[in-house]
Amino acid sequence: MSAAAIPPEVRMRPRLALRGITKAYPGVVANDRIDLDVLPGEIHAVLGENGAGKSTLMKIIYGVVKPDAGTMQWEGQAVRIASPAQARRLGLGMVFQHFSLFETLTVAENIALALDAAEAGSGLPAKIRDVSRRYGLTLDPARLVHAMSVGERQRVEIVRCLLQAPRVLIMDEPTSVLTPQAVLRLFDTLRRLADEGCSILYISHKLDEIRALCHRATVLRAGRVTGECDPRRETAAALARMMIGAELPHPRHRPPVAGAPALVVDGLDLRPDDPFGTTLRSVSLTLRAGEIVGIAGVSGNGQRELLAALSGERRVARRNAVVLCGTAAGRLGAAQRRSLGLAFVPEERLGRGAVPEMSLADNALLTARHRGLVSHGLIRADAARSRAAEIIASWNVKTAGPEAAARSLSGGNLQKFIVGREILQGPRVLIAAQPTWGVDVGASAQIRQALIDLRDAGVAVLVVSEELEELIETCDRLAVIAQGRLSPARPVAETNAEEIGLLMAGSAATPERTAAARRP
Amino acid sequence: MRIALEARREASRAAILLAPLLATLATLVAGFVVFEALGKDPVAAFHAFFIRPLATRYGVGELLLKASPLMLIATGLAVGYRANVWNIGAEGQLTLGAIAGGGLALAAGDAQVPSALLLPAMIVAGALCGMAWAAIPAWLRTRFNANEILTSLMLVYVANLFLSWLIHGPWRDPDGYNFPQSKLFTDAALLPNLVSGTRLNAGLLIALAVVAIEWLFIRRSVWGFEMRVAGLAPAAAAYAGISSKRNVWLGMLAGGACAGIAGVNEAAGPIGQLLPTMSPGYGFAAIIVAFVGRLHPVGIVFASLLMSLLYLGGESAQVNLALPSAVTGLFQGTLLFFLLAADVLVNYRLRAVRARPAAR
C-alpha cells in the first residue's frame, strides 16, 4: 500500500492496539500473531471467511477467551482483559451474532440484567427511550422480547451496549439476520455513532457492506492477517482475493426446463411444537421437476416448521397438504417420504444431518438404510464403507477415511459429505436448508454448482436460505417466508433485492417498510 | 498451576477400557477406608471379600450361578439403554417371569410332563410375561409420553406384592406348615446341572446365548444401528425417519423378556420353588452391570462376574467378619459412582494449566 493511501487519522493514537495475539485450539491455530489497531471514531472492518479466526479474535478482545500469547493496549496503556465485565468497565461493548435475551422478559428487564444495580433503577425505561430516539432505534421498553422480530432484538442488544456509552463497539456479523432495508437503518446508526467518536469493529464476510460502510479493513485468512486496506477504494474482487486467496467462482446457469410438479404444498396450516415457534398459515408452493425454487426470509419466520413438515419429521393432519411425486404424503413419516424420492440436507449438520460420534460409513448408512446397504435386516458393512469412500472421493472431502468420526470433520467438509450422501441416493426432490452456511467459499461454490447440475438433470430442488445473494445466484424462482406465510414464488429475473426485502420484513414491520420506501 | 479438563477431539479408546479398571481400583481404595473405619483389618476383609469366595470349585460355581441372571438381564436392558429407553423395572419383570414359569411348573405338578417339553414352555411363558409387564410402561410412554423410568419402577412394587399375595394365598404349599412358600417343583421342572459338586445350571448357557444374539444385533442388524443412532443423536434419528416408538417397544420388550427368563431360571434353578422374594435385587444390580460393561455384550459378561463376586464377597464378609449385609450394596453403589466419574476421561483429558498463559 502506498503512503498516499494512508488516511490522516492513522497518525492518531489508536484506542485499542493488539500485538502478536495468538490462540491455538487442539488441532487448529485460530489466531496467529495478529496485529490490529482501532482508531477513535473509525469503523474498522475485520474481514474473513468462516473459520478465518474473526470470532476468536473478538472474543479475546472482549475477555471471553484468553490468548496464548500477545499483548493488548487500551488508550496507550497495557491491559489484560480477563472477563467481559472488565471489558465493559473499560468501555468495550459487543453485540453478538446470536442474541442472549430472555424471551419471557420485557426489553427493559433484559437490559437491566446487564447493568449495575444503580443504573437499573426506575429511570431506566426513560433512558432506553432517550437512547433509542437519539440513534433512530425505535424500541418500546415495556414489550416482551418473544414477540419481537430478529431485527428488533438486535436493537435491544445495541441499545444495551449504548447505555454504557462504549468507546469501542464490536458488531459480530450483524446483518446476517436482517432484511436489506434494516441493514441500511443499522448503517445509519453506526455512522452516527462513529461521528460521535465511538470506534466500531465490524466483523463480516460480506464485501459490499464493508465497502459501503467501513473506513478501514483488516483481512484475516486461516488465522493470519493477510492484508489491510481502505475498502472504499478497493473493488469487491480485490477484497475477495485478499480474503480467500483466489477469485470468487461463479456458477454456470442454463435456462430452466421445468417439468411436472414434484412437490406440491397446498394450504398448509401447522401449529408449532415449540411455544416460541412460528405457526404456518396456509402455505402453498409448487415445485416442478427441473427447477430450483428458493425460499428467502429472516430465520425464525417459520422455516424450521415448514422444513419439518416437508421432510416428514413432523406429520401433517391433512394428507393432501403435502403431495410428493403424486402421492399424498402429509401423514407419512420421514422414511416413507424418502422412499418416494425425497432427499433432505438439514440446517444442523452435527446431531441432525450426521451422528457426531459415528463413523462416516455409519453416517452414509443413516439415510440410505433402504437403498442397497441392508439385506434381510442386516447391515452390509462393506457396502456402507465403499459408499462413504465414494462420497469422500467424488466430493473431495478432507478426512482420514470412511472410519473417521463425523465430528472430526470441519463444518464445510461435513456439509459436502452430507450433500454428497443425499445426492448419491438419486432423489427426485432435494430440499436443502442453509446449504452453504458456515462453509468456505470453495465448498460453497461446489455445493451450488451441484444443486444446479441436479436441476439440469431433472430433479426438483428447494433451497431455504438466509443468504439473499446465494438465492438470487442459484434459483429460478423465489418465494419469501415471513411470520409463517409464504409469498407466491416469482421468477428471479422479474424481482430484485429491494422487493424481496419488503416481503421479508412482512406486513407487521411497517416502520421498516416506510423507511425503505422513502429511500431512493 | 491447576488441573483443567480439556475436550478430546475423538473419544479415547484407551480410556474406554481403562475407566472401568480405574473405577474398580477406586472402589477398592474406598473399601479399604470403610473397613478401617469399621475397625476391621482391611487385608482380612479383602481376603474374605474377594479371595475366599473363589477358593473352591463350589465357590466358582456360585460365582457363575449368580453372574448368569445379571448377565442376562443387563444384556436385555442394554438394548433399550443404548437408545435412551430407560427400563428400571427389570426386578418386577423378573418377578412376573418367575410367576409365569413357576405357575406352569406347579400346574404340571406330578403329571409326568417330560422335562424337554416343560422347561422350554416355562421359559417361553416367563419371557412372555416379562414382556407383558414391560409392555405397560412402553405403551404408557408411546401413547401418553409418560416417563418410563417412573412407571417401570413403580410396577416393580406391584409385581412383588402380586407374588406375595399368590404365595400367601392360592399358591401356598398346603403341607408347608403355613410358611409363605409354594410346593417344591418336580425334577422335570428344574434346570439341568452343568458341573457336579456345584449348583451351576443350564441358565448360564441361556445367558451366554442371549449375549451372542445381542452382539449380532448391535453389530449387524439395521434395527440395532437405528437404536444406536437414536441414543447418540435423537434429532438425527428423527431426520433419518427412525421410529422412536419402535425403539421404545424394542428396548422395553427386550429387557422384559430377558428379565422374565432370568426369573424362570431362578425359580427352576437354585430356588426350586416360588418364595415371596425371588431375587436379591438382580434386576437393579443389572442396571449397574449394564453400565459398568459399557452396554457392550462382552463388557457385560465381565461386569456381571464382578458384580456376582461382590454379592458372594458380601455374604462371606457377613459370615466371617460379622460385617453388615449393607456392605454389598455399599460396594455396588461406590462402584457405579466411581465409574460415572471415570467416564469423564473418555471424552476429556486432564491437562496441567499454568496460572497465566497470556503473560508471555
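If you're wondering where the values come from, they're calculated on a predicted model, not measured in any experiment. No hydrogens, no waters, no symmetry mates; every other heavy atom, side chains included, goes into these values. In what follows, chains are A, B, ... by sequence order, proteins preceding strands, each numbered from 1.
Ranked by heavy-atom pairs shorter than 4.5 Å toward chain B, the options A:G333, A:A334, A:A354, A:G377 are led by A:G377. No other option in A:L366, A:T71, A:L350, A:L373 has as many heavy-atom pairs under 4.5 Å with chain B as A:L366.
Here A:E348 contributes atom CD and B:Y239 contributes atom OH; the two are 11.0 Å apart, rounded to the nearest 0.5 Å. Rounding to the nearest 0.5 angstrom, the gap separating the CD1 atom in A:I379 from the CH2 atom in B:W223 is 13.0 Å.
Residues A:A335 and B:A240 come closest through the heavy atom pair CB-O, 4.4 Å. Looking at every heavy atom in both residues, B:A235 comes nearest to A:G351 through CB-O, 3.4 Å.
The contact between B:I242 and chain A is made by backbone and side chain atoms together, counting heavy-atom distances below 4.5 Å. When heavy atoms are compared at a cutoff of 4.5 Å, A:D362 approaches chain B by way of both its backbone and its side chain.
For A:R428, the CZ atom is loosely surrounded, since the number of other residues' heavy atoms within 6.0 Å does not exceed 12. B:R219 CZ: 12 or fewer foreign heavy atoms inside a 6.0 Å radius.
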